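One structure is given here, and the rest of the page talks about it.
Protein chains get the first letters and strands the later ones, always in sequence-line order, with residue 1 at the start of each. A quick note: this is a predicted structure, and the numbers were derived from the prediction, not measured.
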Number of protein chains: 2
Amino acid sequence: MEDVARIAGVSQMTVSRALRSPETVSAATRRRVAEAIAAVGYLHNRIAGGLAADRTSIVGLVATTLKNPLLASVVQGVCDAIAHTGYQLMLGMAESIEDEEQVIRDFLSYRPAAILLHRTMHTKVARTLLKASGIPVVEIGNLVARPIDLVVSFSNFDAAERMTRYLATKYGQVGYVGMRSEGDERFKARRRGYLAALREAGIAAEPERMLELPSAGPGGGGDALVTLLAARPDTRAVFFAGGAFASDALAECRRRGWAVPGRLAIAGFDDYESVFPSMAAITAVRVPRYEIGRRATEVALARLRGEAGIPRRTEFTFEIIPRETA
Amino acid sequence: MEDVARIAGVSQMTVSRALRSPETVSAATRRRVAEAIAAVGYLHNRIAGGLAADRTSIVGLVATTLKNPLLASVVQGVCDAIAHTGYQLMLGMAESIEDEEQVIRDFLSYRPAAILLHRTMHTKVARTLLKASGIPVVEIGNLVARPIDLVVSFSNFDAAERMTRYLATKYGQVGYVGMRSEGDERFKARRRGYLAALREAGIAAEPERMLELPSAGPGGGGDALVTLLAARPDTRAVFFAGGAFASDALAECRRRGWAVPGRLAIAGFDDYESVFPSMAAITAVRVPRYEIGRRATEVALARLRGEAGIPRRTEFTFEIIPRETA
DNA sequence: TTGTAAGCGTTATCAT
DNA sequence: ATGATAACGCTTACAA
């Protein structure tokens with residue numbers, strides 16, 4: 001930068017300004033600086049800048065997995081919103097809240113401008129670190145009641161409740177196959193939503209009609225379906241509240257020659273039509289994942305710009321998409 | 001860090017060492033430093049460290065999209081390989097080589113330890129910048145002949161050639177629907193592979209039997225199929241060499257009541273079984289995307305560790321998975 | 001609109 | 001195994 005300044009015949013400070021806020025520098029100077037930069041092949045050192053300013057233009061995102069295409073689309077939304085803004089994305093995965101704490105620590109050591117979290121349960125230390133950092137923190141995995149800072153999401157509870165109500169009204173006895181809810185508020189919320197809908201409908205909840213699977217591994221939905229029906233043959237519909245379980249289950253039904261929805265109705269969480277149009281057969285909850293990622297980023301950047309009136313909580317709605325399977 | 005050093009009764013340099021290479025510090029000192037760190041709630045400043053060392057522990061990955069689940073799995077592979085190594089992932093998307101150059105510039109301004117590139121064509125400037133940076137650069141999108149530095153990938157050409165040969169042998173006239181190959185070596189290679197296989201088989205290539213689609217947008221494969229068959233009704237098989245085209249096309253055939261593979265055989269590139277087990281019906285090329293992402297990262301980190309004998313080129317193989325559709 | 005000076009919190013290097 | 005010292009290349013704060 002020293003070279004650039006000398007060649008352009010200005011001070012380093014002017015070069016710095018021309019780079020970061022061109023509008024505060026006269027057009028002529030700006031041009032001379034640009035020429036000098038091209039002449040020496042100068043590459044801005046954002047690390048030095050970060051040290052001087054005690055913060056970088058890095059936005060950290062702690063996600064859970066990219067194996068699920070719809071969670072990947074949250075990340076895609078964040079990427080798209082962040083592109084061409086001068087910010088960069090730092091991405092980490094956390095499979096547990098302890099993991100998350102470590103990733104948050106690692107991120108914080110790079111003095112990021114903001115942090116986005118997909119998980120909604122955090123260790124006490126993680127919350128403390130984030131609050132102490134003073135940077136915008138956006139939670140995106142669920143519409144949490146008491147966000148650390150900001151929340152941009154949808155209600156997993158409402159979604160599961162609405163879908164269960166839809167199924168119960170239409171088919172009667174509804175089973176539930178979800179992700180292991182221990183340690184994860186999102187899956188807990190879905191489970192609670194299911195139970196709430198049964199309660200409203202005056203249907204007794206039965207443990208044997210509810211299954212939780214440890215992972216979204218391939219084929220899990222088919223086995224779960226078989227287990228559940230063996231225990232409760234009078235089940236007329238099953239709500240697969242996670243991953244690609246519903247799609248697995250549908251394949252299983254076809255294999256066994258069970259009519260869908262005649263013998264059994266099937267509904268899923270997350271609509272994969274946007275990923276594979278050919279999968280547009282399953283009744284599902286459609287959640288605007290991509291938009292949530294985008295908006296979360298926009299909200300964080302708006303806050304960094306010092307904009308006023310930024311809502312602490314941004315709720316996205318979901319849709320129940322009735323299709324052939326329910 | 002000053003505080004930590006004072007409390008532990010050592011110099012800053014010792015604290016720094018205890019943090020970065022614990023083995024060079026005595027066990028007793030290490031413990032005292034650890035206690036002091038906990039006592040003051042010290043958070044390492046990797047930005048200051050990065051400035052002093054003129055490089056960070058950031059690994060940059062320039063991907064193309066996360067909309068395709070299999071490209072997302074490359075990123076997942078990178079994430080998994082990088083987790084718990086002390087390195088962090090910086091992720092950017094580039095839709096063109098100009099885009100890529102800009103992202104590379106942005107990454108380089110953070111003085112990363114290594115850079116991974118999914119694209120395999122680059123601007124002259126991008127190549128120059130990367131070479132001048134002196135850091136490991138791994139190309140992962142195709143088994144390029146002249147890598148900038150390292151390459152970890154599979155041969156798109158061979159894969160397309162093998163699948164085309166399989167189809168031609170079994171069905172005769174084979175059509176091709178691919179991604180727009182202009183400006184993208186990966187798609188060019190697939191197209192060349194298709195043409196090479198026809199040549200071997202002594203079948204004349206016909207422009208009307210080949211289509212390139214500008215994007216992997218939903219449903220594109222179905223329309224392409226209809227267009228292609230209208231122009232060349234004697235086509236007996238179509239190789240959908242990208243995205244979810246094959247899945248779209250299969251859905252279209254079912255809609256129109258065309259027997260598959262009776263009337264028309266269908267094959268795809270990339271096998272989505274790992275994402276949706278229920279899609280395990282389409283004959284496809286299976287590419288170990290996740291493993292490529294993992295290995296690319298491992299190779300980069302090995303190089304950073306100064307390991308010897310790191311291959312400039314790592315070739316992954318693919319498989320042709322014959323299924324119901326071809 | 002531009003410039004001056006100080007200092008951000010580490011690590012490299014050399015010394016002990 | 002540990003310490004002293006000098007950078008590292010910017011930005012903040014203030015001045016002109």
Side-chain angles (χ1 to χ4, degrees), chain A residues 1-34 36-37 40-58 86 88 105-106 108-113 133-135 304 306, chain B residues 1-34 36-37 40-58 86 88 105-106 108-113 133-135 304 306:
Chain A
M1 183 179 265
E2 206 179 319
D3 296 347
V4 174
R6 202 179 45 251
I7 293 178
V10 296
S11 72
Q12 280 199 39
M13 205 46 233
T14 300
V15 175
S16 176
R17 277 191 276 250
L19 246 32
R20 298 181 306 148
S21 37
E23 67 283 1
T24 66
V25 167
S26 78
T29 307
R30 203 154 54 212
R31 199 176 39 70
R32 296 220 315 285
V33 170
I37 285 176
V40 296
Y42 169 74
L43 201 60
H44 197 176
N45 187 332
R46 311 280 254 121
I47 294 300
L51 177 59
D54 196 34
R55 72 186 197 76
T56 61
S57 294
I58 291 171
Q88 296 301 321
R105 251 181 222 290
D106 291 343
L108 253 17
S109 73
Y110 283 97
R111 303 298 185 263
S133 74
I135 63 177
L304 289 169
Chain B
M1 182 180 267
E2 206 179 321
D3 296 347
V4 173
R6 200 179 46 251
I7 293 177
V10 295
S11 72
Q12 281 199 37
M13 205 48 232
T14 300
V15 176
S16 177
R17 275 192 275 251
L19 246 32
R20 297 182 306 151
S21 38
E23 68 283 0
T24 66
V25 167
S26 79
T29 307
R30 204 155 54 212
R31 199 176 38 71
R32 297 220 315 287
V33 170
I37 284 175
V40 296
Y42 168 76
L43 200 62
H44 196 173
N45 186 332
R46 310 280 254 124
I47 294 300
L51 178 60
D54 197 31
R55 72 187 197 78
T56 61
S57 293
I58 292 172
Q88 296 301 320
R105 249 180 223 290
D106 291 343
L108 252 18
S109 72
Y110 282 97
R111 301 300 184 263
S133 74
I135 62 176
L304 289 170

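Scored by the side chain to side chain donor-acceptor pair (under 3.5 Å) test, A:D106 finds A:Q102, B:Q88 as partners (sequence neighbours excluded). Here B:T56 pairs with nothing under the side chain to side chain donor-acceptor pair (under 3.5 Å) rule; sequence neighbours left out. Taking the side chain to side chain donor-acceptor pair (under 3.5 Å) definition, one finds that A:S57 meets it with nothing, sequence neighbours left out. Considering only residues two or more places apart in sequence or on other chains, B:T24 meets the side chain to side chain donor-acceptor pair (under 3.5 Å) condition with none of them. Every residue two or more places apart in sequence or in another chain that forms a side chain to side chain contact (heavy atoms under 4.5 Å, CB included) with A:I37 is listed here: A:V4, A:L19, A:V33, A:Y42.
The nucleotide range of DNA chain C contacted by chain A, defined by atoms under 4.0 angstrom from heavy atoms of the protein and reported 5' to 3', is C:dT1 to C:dG9.
Distance CE (B:M13) to P (D:dA7): 16 Å, rounded to an integer number of Å.
At the phosphate of D:dT2, OP1 or OP2 sits under 4.0 Å from a side-chain N or O atom of B:S26. One finds no side-chain N or O of B:T14 lying less than 4.0 angstrom from the OP1 or OP2 phosphate oxygen of D:dT2.
Identified under the salt bridge (charged side-chain N to carboxylate O under 4.0 Å, His left out) test for residues 4-24 of chain B, with sequence neighbours left out: B:D3-B:R6. Residue pairs satisfying the salt bridge (charged side-chain N to carboxylate O under 4.0 Å, His left out) criterion with at least one member in residues 48-58 of chain B, sequence neighbours excluded, are listed as follows: B:D54-B:R111.
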Under 3.5 Å, N/O pairs linking protein and nucleotides 8-10 of chain D:
residue, atom, partner, partner atom, Å
D:dC8, O2, B:A52, N, 3.4
D:dG9, N2, A:A48, O, 3.4
D:dC10, OP1, A:Y42, OH, 2.6
D:dC10, O5', A:Y42, OH, 3.2

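Nearest heavy atoms, A:R30 versus A:V25: NH1-O, 3.2 Å.
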